[in-house]
Amino acid sequence: MNLRYLLQSIAQLLFPPSCPICGKSLLEIDSFVCLKCSTTIPFTHLWRVEDNVMKEKFCGLVPIERAAALFWFSSGSGWRDIIHDFKYNNHWYYAENIGRLLAKEFAESNFFDGIDLIIPVPLHWSRRLSRGYNQSEHLAAGISHVTGIPCNFRAISRNRNNPPQARRKFYQRWENISTLFTITHPEKLVGRHIVLIDDVFTSGATLISLAHTIHTACNGNVKISVATLAASRHMIDG
Ligand SMILES: [Zn+2]
């Protein structure tokens, strides 16, 4: 645990919590957001649809069991700002709360049934060091708390920070993303049903790359699902 992380934890204990969306002090009946803001979440409801637009992004590239995002990543939404806050403004503790919310909502479609391992998308060590945490690990911890499914944070490592560039030609992009991750402990993944956790689904390139690398390392003897906090409606439509 680094110093910044520790100070944040102490500050959370000393100062009364407020709603991260509207800023009002939270009452006892509120969750991590106030009751009013909790009604404004732009749910995708993709977890209710088996063959949805998000799952289609993996089609022909890597087999996927299920894929869903909790809410749409839409501009002007306080829910979009929450992601920015826990990713860049040190508010990592929001992520675990939203992970719990995701798990409770997805439970209505038995999304997590049969899944036996939760793996957050790893950050490159240099980014993790500068940020002090990996927000997807906190999301995963929240999901694990509700579902009881264990997390694994060490089976996979990330080789680079940079995502593939949209302007590159397809084969250059694929070459770039196909070496983005290394499976350091494939024996922990073989024969399992894994759910990969990430914060935002845009083009899907990072998750497609990770799923493909896992599938190859396990010689196809693995089931993979994908759950993200948010999805860009524009990228999914496009
Ligand atoms: Zn509020």
Side-chain angles (χ1 to χ4, degrees), residues 8 12 16-57 66-113 115 118 120-121 133-149 151 195-204 206-207 225-238:
Q8 194 80 41
Q12 204 187 351
S18 58
C19 173
I21 294 179
C22 69
K24 286 183 185 161
S25 293
L26 290 176
L27 306 172
E28 229 168 89
I29 52 164
D30 293 324
S31 173
F32 69 102
V33 297
C34 72
L35 274 180
K36 192 178 170 196
C37 291
S38 69
T39 63
T40 65
I41 185 164
F43 285 127
T44 69
H45 296 298
L46 287 174
W47 58 92
R48 295 177 180 172
V49 186
E50 198 176 328
D51 292 317
N52 59 42
V53 285
M54 193 164 152
K55 190 177 168 187
E56 273 173 24
K57 286 283 177 186
R66 301 165 206 153
L70 182 64
F71 59 83
W72 294 115
F73 193 63
S74 33
S75 57
S77 162
W79 288 90
R80 178 180 168 138
D81 298 340
I82 258 190
I83 293 182
H84 190 272
D85 276 351
F86 75 60
K87 214 165 163 175
Y88 303 111
N89 292 339
N90 249 355
H91 294 159
W92 50 267
Y93 45 88
Y94 293 162
E96 184 161 339
N97 283 310
I98 309 185
R100 291 182 196 206
L101 176 66
L102 182 153
K104 286 174 190 163
E105 292 295 331
F106 282 23
E108 71 170 7
S109 67
N110 303 321
F111 185 93
F112 289 102
D113 283 13
I115 292 176
I118 299 171
V121 172
Y133 58 94
N134 175 357
Q135 70 281 357
S136 293
E137 287 182 6
H138 289 284
L139 275 175
I143 294 168
S144 178
H145 184 89
V146 172
T147 60
I149 302 168
C151 299
V195 62
L196 302 176
I197 307 296
D198 206 0
D199 47 13
V200 184
F201 189 92
T202 48
S203 69
T206 304
L207 280 163
S225 291
V226 169
T228 68
L229 194 54
S232 159
R233 201 189 294 258
H234 171 70
M235 290 307 289
I236 279 188
D237 290 343

Colleague: Could you walk me through whether T228 and M54 pass the side chain to side chain contact (heavy atoms under 4.5 Å, CB included) test, one step at a time?
Modeller: CA-CA 10 Å; T228 68; M54 193 164 152; 3.6 Å; yes
Colleague: If we ignore hydrogens and angles and just use 3.5 Å, is the side chain of R233 paired with the main-chain N or O of W72 as donor and acceptor?
Modeller: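 Not confirmed, R233 side chain does not pair with W72 backbone.
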Colleague: Could you work out, with side-chain hydrogen bond (donor to acceptor under 3.5 Å, both in side chains) as the rule, every residue matching S225, not counting sequence neighbours?
Modeller: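 Checked S225 against side-chain hydrogen bond (donor to acceptor under 3.5 Å, both in side chains); matches are H193.
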Colleague: Take the angle between the ring planes of F43 and W47 and call it parallel below 30°, perpendicular above 60°, tilted in between.
Modeller: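 Correct class here is perpendicular.
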Colleague: Does D85 have any side-chain hydrogen bond (donor to acceptor under 3.5 Å, both in side chains) partners at least two apart in sequence or in another chain, and if so, which?
Modeller: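 By the side-chain hydrogen bond (donor to acceptor under 3.5 Å, both in side chains) rule, D85 matches N89.
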Colleague: Just by distance, do the side chain of S144 and the backbone of A140 share a donor-acceptor pair under 3.5 Å?
Modeller: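 Between the backbone of A140 and the side chain of S144 there is no qualifying donor-acceptor contact (under 3.5 Å).
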Colleague: Only counting residues at least two apart or in another chain, list the ones meeting side-chain hydrogen bond (donor to acceptor under 3.5 Å, both in side chains) with E137.
Modeller: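 Here the qualifying residues are R128.
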Colleague: At their closest point, which heavy atom of H91 faces which heavy atom of Y133, and how far apart are they?
Modeller: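 Closest heavy-atom pair between H91 and Y133: N-OH, 4.0 Å.
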Colleague: Listed by chain and number, what are the side chain to side chain contact (heavy atoms under 4.5 Å, CB included) partners of L35, not counting sequence neighbours?
Modeller: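 Result, side chain to side chain contact (heavy atoms under 4.5 Å, CB included) vs L35: I29, D30, S38.
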Colleague: Just verifying a value: how many Å separate I21 CD1 and F32 CZ, rounded to the nearest 0.5 Å?
Modeller: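 Answer rounded to 0.5 Å: 7.0 Å.
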Colleague: Nearest 0.5 Å please: distance from the CD1 atom of I149 over to the CD1 atom of I118.
Modeller: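 The CD1 atom of I149 sits 5.0 Å away from the CD1 atom of I118.
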Colleague: Yes or no on side chain to side chain contact (heavy atoms under 4.5 Å, CB included) for V146 and F112, after CA distance, side-chain angles and deciding distance?
Modeller: CA-CA 10 Å; V146 172; F112 289 102; over 6 Å; no
Colleague: For residues V33 and I82, determine if any side-chain heavy atom of one lies less than 4.5 Å from a side-chain heavy atom of the other.
Modeller: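 SC-SC contact between V33 and I82 confirmed.
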Colleague: Just distance, no hydrogens or angles: give the donor-acceptor pairs under 3.5 Å from side chains in residues 99-107, sequence neighbours left out.
Modeller:
{"residue": "R100", "atom": "NH2", "partner": "E96", "partner atom": "OE2", "Å": "3.3"}

Colleague: Between the side chain of N52 and the main-chain N/O of L46, is any donor-acceptor distance below 3.5 Å?
Modeller: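 Such a contact is found between N52 side chain and L46 backbone.
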Colleague: First locate atom CD1 of I143, then atom NE2 of H138, and finally report the distance between them rounded to the nearest 0.5 Å.
Modeller: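 If we round to the nearest 0.5 Å, I143:CD1 and H138:NE2 are 13.0 Å apart.
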Colleague: Would you call I83 and F71 a side-chain contact if the rule is heavy atoms closer than 4.5 Å?
Modeller: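 Result yes, sub-4.5 Å side-chain heavy-atom pair found.
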Colleague: Return the set of residues passing side-chain hydrogen bond (donor to acceptor under 3.5 Å, both in side chains) with T40 (not counting sequence neighbours), or none when no residue passes.
Modeller: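 Partners of T40 under the side-chain hydrogen bond (donor to acceptor under 3.5 Å, both in side chains) test: W79.
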Colleague: Grab the two heavy atoms, one from S136 and one from D198, that are nearest each other, plus how far apart they are.
Modeller: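 Minimum heavy-atom separation between S136 and D198: OG-OD1, 3.5 Å.
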Colleague: Determine the minimum heavy-atom distance between R48 and S109, stating which atoms define it.
Modeller: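 Distance-wise, the nearest heavy atoms are CA-CB, 4.4 Å.
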Colleague: What distance separates K57 NZ from L207 CG, expressed to the nearest 0.5 Å?
Modeller: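 If I round to the nearest 0.5 Å, the distance is 12.5 Å.
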Colleague: Look at the side chain of D199 and the backbone N and O of H84, then say whether any donor-acceptor pair between them is shorter than 3.5 Å.
Modeller: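 Checking the backbone N and O of H84 against the side chain of D199, no donor-acceptor pair under 3.5 Å is found.
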Colleague: Which heavy-atom pair separates C34 from C19 by the least distance, and what is that distance?
Modeller: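 In this case the closest contact between C34 and C19 is N-SG, 3.4 Å.
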Colleague: Measuring from W92:CH2 to Y94:OH, what's the distance to the nearest 0.5 Å?
Modeller: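 One gets 11.5 Å once the value is rounded to the nearest 0.5 Å.
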